[in-house]
Amino acid sequence: MSWAAIIAGAVALALAATLSRLVARLLGAFALAAGVLLALHARTDPAEAVAGLAALGGAFALRRPLRRLLTGGLV
């Protein structure tokens, strides 16, 4: 899988999470599990784990602005 496909998938998932509460809850549960696994992974490869946590945090930081952009600020 290429980096472009991974980035496109992350953006699509973030867009789906802004429009659906169920997808947002599932994404929150996944992010919690992924955060724990990345914290455990930090023992073997700290740079890779921190990069993964940064990407995960960036996706969560974009949820509210994307929702406002897509719904016109109504939600």
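Nothing fancy with the numbering, it's 1 onward along the sequence.
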Inset, instruction - Could you list who else is in Leu53's hydrophobic cluster, with ILVMFWY side chains joined at under 4.5 Å, directly or through other members? - result: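 Reading the cluster by chain and number, Leu53 sits alongside Leu38.
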Legend entry - Sequence neighbours excluded, every pair satisfying side chain to side chain donor-acceptor pair (under 3.5 Å) that has a member inside residues 23-34: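 Passing the test, one end in residues 23-34: no pairs.
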Inset, instruction - Could you list the residues that satisfy side chain to side chain contact (heavy atoms under 4.5 Å, CB included) with Ala31, not counting sequence neighbours? - result: Leu56, Phe60
